Amino acid sequence: MTDKFLCDFRFLLLAAAVAFIYIQMCLFTTQSKYADRLANAVEAETRCTSQMRKLIDQISMQQSRIVDLEEDKKRQDEEYGQMKALVQDLQLKGLQRRMDKIQTPVAAVVIMACNRADYLERTIKSILKYQNAVASKYPLFVSQDGSDPQVREKALSYDQLTHMQHLDSKPVQTERPGELIAYYKIARHYKWALDKLFHEYKFSRVIILEDDMEIAPDFFDYFEAAAALMEKDKTIMAVSSWNDNGQKQFVHDPEILYRSDFFPGLGWMLTKSTWNELSPKWPKAYWDDWLRLQENHKGRQFIRPEVCRTYNFGEHGSSLGQFFRQYLEPIKLNDVQVDWKSKDLSYLMEDEYIKHFAEILKNAKPINGADAVLKASNVQGDVRVHYKDQPDFERIARQFGVFQEWKDGVPRTAYKGVVVFRYPPPRRVFLVGPKSFELLGIKSV
């Protein structure tokens, strides 16, 4: 009995030992798996930590680079400011050297240029041909819009002028789809240049030319006489060297000047007081048409010649050669040296001119009917043709071949609604508006 008990006890011990060993083996296997997982987790954490440190290092390097770039930009801005100040100082000193030799200039002359170096050269040569003798009265400038290197080089190659450069990187937003950006850039350039000439250089008058113009022999004498007229009569907003209907077949007398309610442009002079009024409200684009609005010229008028003192040869430009062959190419550039200093221009004063013009108009012979051109050709002396409204004016103007365009209710070149031209020279033709006689104080004749 005792032996059997011992045998069973040993058997139980053996079974317990086997179970214990099995449990230990299972525990060991499980621990090994967890140890491997833990090792993998530690390794993954190590890799993540390493990558994070690399990212932190890269961010630190980028931040350091950004700081360096900001310092470089700040330094470049300072250098640019210093260079700009130096250039302005040199320009002022260069102008001052010229101003030291003179008393008071009549007007600064500025050529508005952009990217046509060949045109600019032709314009400069035409101006210098007559400006050299009166350089002290008419300091010459080229105002360049943009950074065209050939234009800059061409302007700087002339010691007789001062070069100004307008650099504008602001984006242009047109107000209507399909508009040319060029007209917006031109308006910005004009404002910048005129602000600079009037406010920084402190000229009392400026004559504005474009880089595709030639001038007449008496160009400067004409503007000197006109400047004296502007001082006396503040109803003259500007003086122009241009006649829109100045084609060879429509002009005759180089000594005749007119008042006009329509701004001609294309070689014109204005005063500082007028610019001070216009500059704060200068338009974003189409500055010339803007000047033709009643709200801007406020009833003031413009002096223009019968025979142009400028010739526009720019077939290729911002207007894409619009109307060039029909209206610009046939323009007659005056080739006579008129002695403007000896001319009495008092008839152009506002109170005198309305009586002067009314008398001429009254003496013109009226013609009526459909074929105005034929009838005008068969009448001796000046004639007048009355139009009823804008469409009627356009019909008659088309027959003669003169400009049909109106702006803000005013035909091109018109004074009190009257457009005058020669057809054929020397006969004058007056196209007379429905209210012209009333505006001129003429009773029906």
Side-chain angles (χ1 to χ4, degrees), residues 107-114 116 119-120 122-124 126-127 130 138 140-143 145 182-183 186-187 189-190 193-194 205-220 222-223 226 236-248 250-251 254 257-270 274-275 278 283 285-292 296-297 301-335 402-403 405 407 410-414 419 421:
V109 180
V110 60
I111 306 170
M112 308 299 285
C114 181
R116 302 183 293 185
Y119 278 17
L120 177 61
R122 180 173 169 181
T123 298
I124 292 174
S126 172
I127 294 171
Y130 306 110
Y138 297 95
L140 181 58
F141 293 78
V142 168
S143 183
D145 188 27
Y183 291 116
I186 289 170
H189 182 204
Y190 267 71
L194 291 173
R205 303 177 201 89
V206 175
I207 298 171
I208 300 100
L209 294 170
E210 296 170 17
D211 63 354
D212 55 1
M213 291 182 177
E214 293 178 328
I215 66 171
D218 63 342
F219 177 89
F220 293 108
Y222 165 72
F223 274 108
I236 299 173
M237 189 173 192
V239 174
S240 176
S241 58
W242 184 259
N243 173 13
D244 283 304
N245 291 323
Q247 294 78 19
K248 296 179 179 70
F250 299 132
V251 298
L257 305 180
Y258 294 92
R259 290 179 77 108
S260 175
D261 297 306
F262 192 98
F263 171 65
L266 294 177
W268 55 290
M269 177 173 69
L270 81 165
T274 301
W275 179 246
L278 298 175
Y286 310 107
W287 63 268
D288 47 352
D289 283 342
W290 178 83
L291 275 177
R292 292 166 183 146
N296 296 315
H297 64 71
Q301 293 162 340
F302 310 91
I303 301 297
R304 68 164 181 87
E306 177 173 315
V307 182
C308 290
R309 264 56 187 186
T310 47
Y311 178 78
N312 189 308
F313 58 82
E315 183 174 3
H316 306 291
S318 296
S319 61
L320 306 179
Q322 185 181 23
F323 305 129
F324 178 80
R325 286 185 174 84
Q326 183 177 359
Y327 293 112
L328 300 183
E329 193 172 37
I331 286 289
K332 164 69 175 175
L333 177 65
N334 177 54
D335 54 7
V402 297
F403 258 105
E405 183 184 14
K407 293 290 183 184
V410 180
R412 277 189 182 267
T413 76
V419 171
F421 55 92

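For clarity, every value in this text was computed on a predicted model and none was experimentally measured. Numbering of residues begins at 1 and proceeds along the displayed sequence.
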Has the side chain of Gln247 got a donor or acceptor atom that lies under 3.5 Å from a matching backbone atom of Tyr327? yes
Please name all residues satisfying side chain to side chain contact (heavy atoms under 4.5 Å, CB included) with Thr123, sequence neighbours left out, ordered by chain then number. Ile111, Ile127, Phe313
Side chain of Ser241, backbone of Gly267: donor and acceptor closer than 3.5 Å? yes
List in chain and number order the residues that pass side chain to side chain contact (heavy atoms under 4.5 Å, CB included) with Thr274, two or more places apart in sequence or in another chain; answer none if no residue qualifies. Met237, Leu270, Thr271, Leu278
Under the 3.5 angstrom rule, does the side chain of Asn245 hit a backbone N or O of Phe403 as a donor-acceptor pair? yes
By side chain to side chain contact (heavy atoms under 4.5 Å, CB included), Ala187 pairs with (sequence neighbours left out) Trp282
Report the residues that fulfil side chain to side chain contact (heavy atoms under 4.5 Å, CB included) with Asn334, sequence neighbours left out, ordered by chain and then residue number. Ala216, Asp218, Pro254, Val307, Arg309, Val336
Side chains of Tyr183 and Asp289: closer than 4.5 Å at any heavy-atom pair? no
Test item: Arg292 and Val410 side chains (from C-beta on) under 4.5 Å apart, heavy atoms: no
In the structure I gave you, are the side-chain heavy atoms of Trp275 and Val206 within less than 4.5 Å of one another anywhere? no
When rounded to the nearest 0.5 angstrom, what distance separates CG in Asp261 from NE2 in His297? 7.0 Å
Given side chains that start at C-beta, do those of Tyr222 and Ile303 come closer than 4.5 Å, heavy atoms only? yes
Is any side-chain heavy atom of Met213 less than 4.5 Å from a side-chain heavy atom of Ile215? no
Would you mind telling me which of Phe302, Trp242, Phe263 makes a ring-ring contact (aromatic ring centres under 6.0 Å, His included) with Trp268? Phe263
Non-hydrogen side-chain atoms of Tyr130 and Pro217 separated by less than 4.5 Å: yes
Minimum side-chain heavy-atom gap Leu266-Glu210 below 4.5 Å: yes
Derivation of the side chain to side chain contact (heavy atoms under 4.5 Å, CB included) call for Asn243 and Phe250: CA-CA 10 Å; Asn243 173 13; Phe250 299 132; over 6 Å; no
Hits for ring-ring contact (aromatic ring centres under 6.0 Å, His included) against His189, two or more places apart or cross-chain, chain-then-number order -> His166
Mind checking ring-ring contact (aromatic ring centres under 6.0 Å, His included) for Tyr138 and listing every partner two or more places apart, or none if nothing turns up? Phe220
Nearest-0.5 Å distance that lies between atom CG in Leu291 and atom CZ in Phe262: 11.0 Å
